[in-house]
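Some notes on the structure that comes next.
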Amino acid sequence: MIPKLRAWKKYDSPEMFRDIAFIDFNKKLLGVNYKVSKLTTRLDIETLDKFIIMQSTGLKDKNGVEIYEGDVINCRNSFRNPMTGSGSLSINRDFKIIFENGEFKAKGFDIRLKNILSYSEVIGNIYENPELLEGAAR
């Protein structure tokens with residue numbers, strides 16, 4: 001499987017690139033496709049140090065939106081208390097997606113990411129929407 005990546009350009013004019021042509025880690029180069037018009041793109045080659053690379057988790061939220069490292073998801077659900085079997089527990093919280101110990105996780109939530117997808121949705125990412133970090137588990 002070829003990993004799906006996106007890149008955040010952190011210098012000059014910050015921008016998210018979802019159409020990466022290539023990454024050469026040996027030469028430290030990144031090729032991104034810039035959309036010039038609806039029909040035309042141009043390939044620009046930049047140095048890798050200008051970018052933060054994020055990998056797709058391979059998972060999608062409840063709306064079918066692909067989830068990447070660095071995304072912020074909102075989890076909202078009510079369910080029965082697993083300890084007592086009665087009453088209910090509610091969750092309505094934002095979580096940052098991280099890669100830790102060999103797997104993608106919702107930071108601060110000890111449940112596998114794939115187990116919370118049915119009640120989670122991507123609300124932005126930490127680069128284009130830094131204000132979301134204020135409400136997200138850091």
Side-chain angles (χ1 to χ4, degrees):
M1 180 178 104
I2 299 172
K4 193 168 184 185
L5 304 170
R6 69 180 183 193
W8 173 250
K9 186 174 185 181
K10 46 187 179 174
Y11 301 113
D12 304 328
S13 57
E15 187 176 354
M16 186 69 73
F17 292 94
R18 290 170 174 81
D19 191 2
I20 298 173
F22 70 88
I23 299 176
D24 186 330
F25 289 103
N26 291 326
K27 295 181 181 177
K28 298 182 176 20
L29 296 175
L30 175 79
V32 294
N33 290 314
Y34 284 90
K35 230 178 194 107
V36 177
S37 69
K38 282 185 176 183
L39 301 173
T40 312
T41 59
R42 82 170 191 259
L43 174 66
D44 278 2
I45 300 172
E46 307 248 8
T47 58
L48 198 53
D49 64 342
K50 292 182 182 179
F51 294 88
I52 297 170
I53 308 297
M54 293 157 276
Q55 183 174 339
S56 169
T57 63
L59 302 170
K60 294 184 179 183
D61 72 1
K62 69 180 185 179
N63 300 318
V65 175
E66 193 159 7
I67 302 172
Y68 283 81
E69 180 181 7
D71 279 346
V72 177
I73 60 170
N74 176 263
C75 297
R76 181 179 297 190
N77 193 18
S78 294
F79 46 93
R80 284 195 168 281
N81 185 331
M83 301 300 238
T84 65
S86 64
S88 66
L89 295 171
S90 294
I91 184 172
N92 181 9
R93 202 164 152 213
D94 298 342
F95 296 95
K96 178 176 127 179
I97 302 302
I98 60 169
F99 187 77
E100 181 178 85
N101 298 326
E103 68 179 335
F104 290 100
K105 298 179 179 181
K107 185 170 184 172
F109 204 34
D110 285 337
I111 297 176
R112 291 179 156 243
L113 184 57
K114 69 179 185 177
N115 294 337
I116 61 172
L117 294 177
S118 63
Y119 51 91
S120 298
E121 68 180 319
V122 175
I123 58 172
N125 66 67
I126 62 173
Y127 302 104
E128 292 176 306
N129 316 100
E131 71 279 2
L132 294 176
L133 281 178
E134 295 169 13
R138 294 175 193 223

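Heavy-atom neighbours of K60 NZ from other residues, nucleotides or ligands within 6.0 Å: at or below the threshold of 12. Residue Y11 qualifies as open at atom OH: its count of foreign heavy atoms under 6.0 Å is 12 or below. Taking a 6.0 Å sphere around CZ of R112, one finds it holds 12 or fewer heavy atoms contributed by other residues, nucleotides or ligands.
Classification of K107 and D94 as a salt-bridged pair fails, no side-chain N sitting under 4.0 Å from a carboxylate O. Between K4 and E69, none of the side-chain N atoms (NZ, or NE/NH1/NH2) sits under 4.0 Å from a carboxylate O, so this pair counts as no salt bridge.
Residue pairs meeting the side chain to side chain donor-acceptor pair (under 3.5 Å) criterion with at least one partner in residues 19-30, sequence neighbours excluded, are D19-N33.
For the residue pair E121/N63, the side-chain donor-acceptor check at 3.5 Å is satisfied.
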Chi angles and distances behind the salt bridge (charged side-chain N to carboxylate O under 4.0 Å, His left out) call for K9, E46: CA-CA 10 Å; K9 186 174 185 181; E46 307 248 8; 3.2 Å; yes
Residues W8, M54; criterion side chain to side chain contact (heavy atoms under 4.5 Å, CB included); working and verdict: CA-CA 8 Å; W8 173 250; M54 293 157 276; 3.8 Å; yes
Residue pair E15, K50: steps toward the salt bridge (charged side-chain N to carboxylate O under 4.0 Å, His left out) verdict: CA-CA 11 Å; E15 187 176 354; K50 292 182 182 179; over 6 Å; no
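Atoms NZ and CD, from K114 and E103 in turn, are 9.5 Å apart once rounded to the nearest 0.5 Å. Taking SG from C75 and NZ from K62, the interatomic distance works out to 9.5 Å, rounded to the nearest 0.5 Å. Separation of atoms CG (N77) and OG (S120) is listed at 8.5 Å; rounding is to 0.5 Å.
Between N129 and I123, the closest side-chain pair of non-hydrogen atoms is not below 4.5 Å. A 4.5 Å side-chain heavy-atom check between Y127 and I52 finds at least one atom pair inside the cut-off. Proximity of Q55 to F104: side-chain heavy atoms (C-beta onward) are separated by under 4.5 Å at one or more points.
Cluster membership check: Y68 does not share its hydrophobic cluster with V122, using side-chain heavy-atom separations under 4.5 Å among Ile, Leu, Val, Met, Phe, Trp and Tyr. Linking Ile, Leu, Val, Met, Phe, Trp and Tyr whenever their side-chain heavy atoms come within less than 4.5 Å puts I116 and I97 in one cluster.
Cluster partners of I23 are L5, F17, I20, F25, L30, V32, Y34, L48, F51, I53, counting Ile, Leu, Val, Met, Phe, Trp and Tyr whose side-chain heavy atoms approach within less than 4.5 Å, directly or via other members.
When all heavy atoms of E100 and I98 are compared, the closest pair comes out as OE2-CD1, 3.8 Å.
Under the side chain to side chain contact (heavy atoms under 4.5 Å, CB included) rule, D71 has a single partner from L132, N125, I126, D61, which is N125.
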